Protein chains: 2
Amino acid sequence: MPATIRDVARASGVHISTVSRTFSAPHLVNPETRGRVLACAEELGYRPNRAARALITGRTHNIGLIIADIANPFFPPLIKAAESQARQRDYHVFVADTNEDPIAEEELVHALAKQVDGVLLCSPRMSNSLIEQLSREVPLVVINRQVAGLPCVTMDVGQGTRAAMEHLLDAGHRRIALLSGPRGSWTSREIRRAAGVAVRAGGGELTVLGPNPPTETGGSALAEQVRRAGVTAVLAYNDLMAIGLIEGLDALGLRVPQDVSVVGIDDITLSRLTRPKLTTVATPTAAAGRTAVDMLLQHDSVATRGARGGGRSGTIDDRRTTAQVMLRTELVIRDSTAAAPADGRHRPDAEVVAPGPHRLAGPGRPTVATGGVVAS
Amino acid sequence: MPATIRDVARASGVHISTVSRTFSAPHLVNPETRGRVLACAEELGYRPNRAARALITGRTHNIGLIIADIANPFFPPLIKAAESQARQRDYHVFVADTNEDPIAEEELVHALAKQVDGVLLCSPRMSNSLIEQLSREVPLVVINRQVAGLPCVTMDVGQGTRAAMEHLLDAGHRRIALLSGPRGSWTSREIRRAAGVAVRAGGGELTVLGPNPPTETGGSALAEQVRRAGVTAVLAYNDLMAIGLIEGLDALGLRVPQDVSVVGIDDITLSRLTRPKLTTVATPTAAAGRTAVDMLLQHDSVATRGARGGGRSGTIDDRRTTAQVMLRTELVIRDSTAAAPADGRHRPDAEVVAPGPHRLAGPGRPTVATGGVVAS
DNA sequence: TTGAAAGCGCTAACAT
DNA sequence: ATGTTAGCGCTTTCAA
């Protein structure tokens with residue numbers, strides 16, 4: 001039923017290749033002919049079949065977006081921005097949800113590989129080596145994680161964590177807890193590292209609780225542990241956990257921020273709507289989505305992984321041009337943090353992190369180009 | 001670079017058609033041969049190219065999901081459920097965001113049509129006639145709207161609205177406002193219709209404010225109008241608006257629920273997290289996503305719109321089997337509603353709906369099969 | 001049970 | 001500037 005290139009050719013009295021050119025290389029066709037072809041195409045409702053085109057050009061004009069959990073409010077703005085940016089460049093996007101499962105992630109990359117020109121891997125939980133290996137199958141841009149040799153866009157949570165900790169230390173807090181995120185999360189590791197350094201530098205003591213599921217439930221489940229730890233302030237892996245924690249604390253009769261100060265990370269919409277409004281490290285999610293798409297398509301346009309043409313270069317070769325972008329974050333102070341209560345609180349009984357073996361910026365770390373802009 | 005069917009054929013010493021059969025009709029191939037082929041395929045990391053397959057079978061194993069606004073928290077659970085259900089049936093899903101723009105909707109259907117076996121149109125804002133017309137181009141399942149002759153999955157917001165209104169009337173409210181949703185929203189029309197009837201039946205007076213953008217901002221912007229209307233209770237088109245309204249009311253010094261009761265619709269996660277917790281009409285979004293996918297794929301498996309085969313039947317023909325499913329909703333009473341204040345409040349100055357010309361269940365309405373189950 | 005051949009809708013050399 | 005031809009990776013008659 002749908003009109004094909006042949007229908008248009010017949011209708012406009014030219015060869016199919018002329019029709020093809022009219023769409024893929026208009027400058028090569030006589031304006032007059034072009035007009036006629038276009039008119040016929042319009043009339044017949046003809047639209048080039050992208051799949052057929054992909055078969056020969058090797059470029060599908062699709063991209064994959066693999067998300068840890070669509071229902072986690074951190075992601076929708078990123079998805080939205082990525083989709084919008086992609087479409088603006090005439091790309092469509094497959095969105096897939098892994099439920100935070102590394103196995104599902106891998107399977108999805110394989111499944112999508114043939115149908116897309118590249119995949120945006122958002123908050124992957126799999127190993128670095130697996131990511132590298134998959135990047136040989138299809139161009140990858142990694143979001144929320146750094147993988148040496150691959151284009152990555154990350155948020156500067158280290159800086160955000162420092163700012164948050166300094167904010168808490170300034171307010172007189174000394175015993176501080178960190179609710180860490182899921183196992184395998186690069187972001188969580190960065191936060192922990194930065195938190196350890198910052199708290200130590202400020203003369204405080206950090207208690208790390210986790211790993212945890214990055215959800216509201218994950219946060220509220222920690223209320224009792226937080227209480228027992230005897231801390232006066234908490235930094236959570238994300239806003240959802242922070243909000244859950246506040247709920248849980250509330251149920252235990254602990255008030256935020258009077259008894260305990262709580263800081264989140266992400267600045268999801270929700271964080272302005274709960275009471276108390278959440279102090280949090282704002283993370284430029286939409287910018288991350290846009291940037292990742294740009295990086296993928298730039299990377300991708302350079303390297304035509306065509307069936308006919310230059311072959312599968314670009315997947316490996318232009319690693320040199322591979323950029324790692326880190327987007328700035330920003331501490332947003334609202335109502336969930338206040339001065340530390342005057343009375344000393346009881347002793348902790350959870351793990352206490354002495355500075356430990358983490359290097360802050362050792363020689364092994366990949367160079368980071370800080371080029372991002374905070375979403376306003 | 002990626003292995004093709006030919007590589008596998010060469011490696012296993014059979015003709016490509018045998019390899020093809022091994023994957024698409026295994027029972028037609030000798031078990032021994034099949035084993036060998038499978039082994040080689042495995043070894044080479046071969047995966048059938050779906051685009052190439054689609055070219056000849058006419059079935060892409062992709063579906064499109066067109067969403068009014070991904071960032072609106074109503075949608076992510078639906079997207080997630082749809083994607084999950086689709087993938088379970090070996091389908092991938094394109095997600096596209098229209099920004100509530102009817103023009104974008106139409107354009108997206110066209111753009112996606114060739115790459116998918118069907119499109120889920122979620123909360124479309126375009127006209128019925130356009131939807132019908134588009135359904136001739138590609139199988140459509142409409143979510144959150146009823147279009148005669150097309151498979152639809154809707155939420156029974158009429159019932160939910162009645163329950164909400166009865167709840168308010170029981171609590172002594174007589175002056176009630178309805179914050180309507182976006183222009184073009186079927187759901188908004190249904191709510192208004194049901195609200196008018198229910199309030200009138202209960203001896204109350206309904207003030208309709210709108211149309212409005214279905215956002216928090218949309219809600220908070222209405223606070224002043226709500227105050228001037230002199231109502232003691234409000235039903236909002238969705239939770240986001242309800243929450244925004246509560247914020248706005250708060251800024252005007254009006255307390256919820258003491259001064260004004262507020263009811264939302266949807267029961268997004270957020271509604272349990274704001275203070276006061278929102279009374280709302282729970283809407284089974286995940287179930288809607290799953291159901292829509294099922295309807296599309298069932299519809300679709302019946303009708304092979306193959307290039308070679310039976311042609312583009314199914315798009316028009318089996319309208320007879322077209323189902324319209326309406327999912328049950330449920331009023332969830334939380335903390336944003338209370339008894340009407342004893343003192344009479346000032347007179348409204350916004351539009352007052354006398355029963356008006358709306359029929360509740362006129363002859364022109366399509367038959368509705370109520371078959372849904374509320375998501376627990 | 002397998003192979004041969006045609007072709008899905010399109011693009012890209014190569015001619016003209 | 002346009003037509004010819006080959007073929008992307010795959011499925012599907014039709015024969016053998």
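Quick note on labels: first sequence line is chain A, next is B, and so on, each numbered from 1. Computed from a predicted structure; not experimentally measured.
- Comparing A:H27 and B:P48, the nucleotide of DNA chain D nearest to each residue sits closer to the 5' end for A:H27.
- Only one option out of B:L296, B:L297, B:T291 pairs with B:V293 in a side chain to side chain contact (heavy atoms under 4.5 Å, CB included); it is B:L297.
- Remark: A:D294 engages A:R89 in a salt bridge, criterion side-chain N to carboxylate O under 4.0 Å.
- One can place CZ of A:R59 at 14 Å from P of C:dT11, the figure rounded to the nearest angstrom.
- Distances were taken from every side-chain heavy atom of A:N49 (C-beta onward) to each of D:dG9, C:dG9, C:dT11; the shortest belongs to C:dG9.
- Under the 3.5 Å distance criterion, with hydrogens and angles disregarded, no donor-acceptor pair is assigned to the side chains of A:N62 and A:R50.
- In this structure, the CZ atom of A:F23 is 15 Å from the P atom of C:dG9, given to the nearest Å.
- Atom NZ in A:K114 sits about 7 Å away from atom P in D:dC10, given to the nearest Å.
- Backbone-only engagement by B:V14 is indicated by non-hydrogen atom pairs under 4.0 Å involving sugar-phosphate atoms exclusively.
- Across D:dG3, D:dT2, D:dT11, the shortest atom-to-atom separation from the side chain of A:H15 is found for D:dG3.
- Taking a 6.0 Å sphere around CD of A:E43, one finds it holds 12 or fewer heavy atoms contributed by other residues, nucleotides or ligands.
- Using a 4.0 Å cut-off between a side-chain N of Lys or Arg and a carboxylate O of Asp or Glu, A:E83 and A:R87 qualify as a salt bridge.
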Show each protein N/O and nucleotides 14-16 of chain D N/O combination with a separation under 3.5 Å, one pair to a line.
none

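- With rounding to whole Å, A:E32 atom CD is found 14 Å from D:dT2 atom C1'.
- Using cut-offs of 30° and 60° on the angle between ring planes, the pair A:Y91 and A:H61 is parallel.
- If you measure from atom CG of B:L55 to atom C1' of C:dT11, you get 13 Å, rounded to the nearest angstrom.
- As judged by a 4.0 angstrom heavy-atom cut-off over every strand, B:S17 is placed among the base-contacting residues.
- Considering NZ of B:K80 and CZ of B:R290, their distance stands at 12.0 Å, rounded to 0.5 Å.
- A close approach under 4.0 Å does occur between a side-chain nitrogen or oxygen of A:T33 and OP1 or OP2 of D:dT2.
- Distances from the side chain of B:T57 to the nucleotides C:dG9, D:dT12, D:dG9 place D:dT12 closest.
- What separates CZ of A:R6 from P of D:dG3 is a distance of 14 Å, to the nearest Å.
- Distance, A:I16 CD1 to D:dT5 C1': 10 Å, rounded to whole Å.
- Set against D:dT12, C:dT2, C:dA12, the side chain of B:T18 has C:dT2 as its closest nucleotide.
- With rounding to whole Å, B:L28 atom CG is found 11 Å from D:dT13 atom P.
- Nucleic acid contact for B:S20: base, since at least one base atom lies under 4.0 Å from a heavy atom of the residue.
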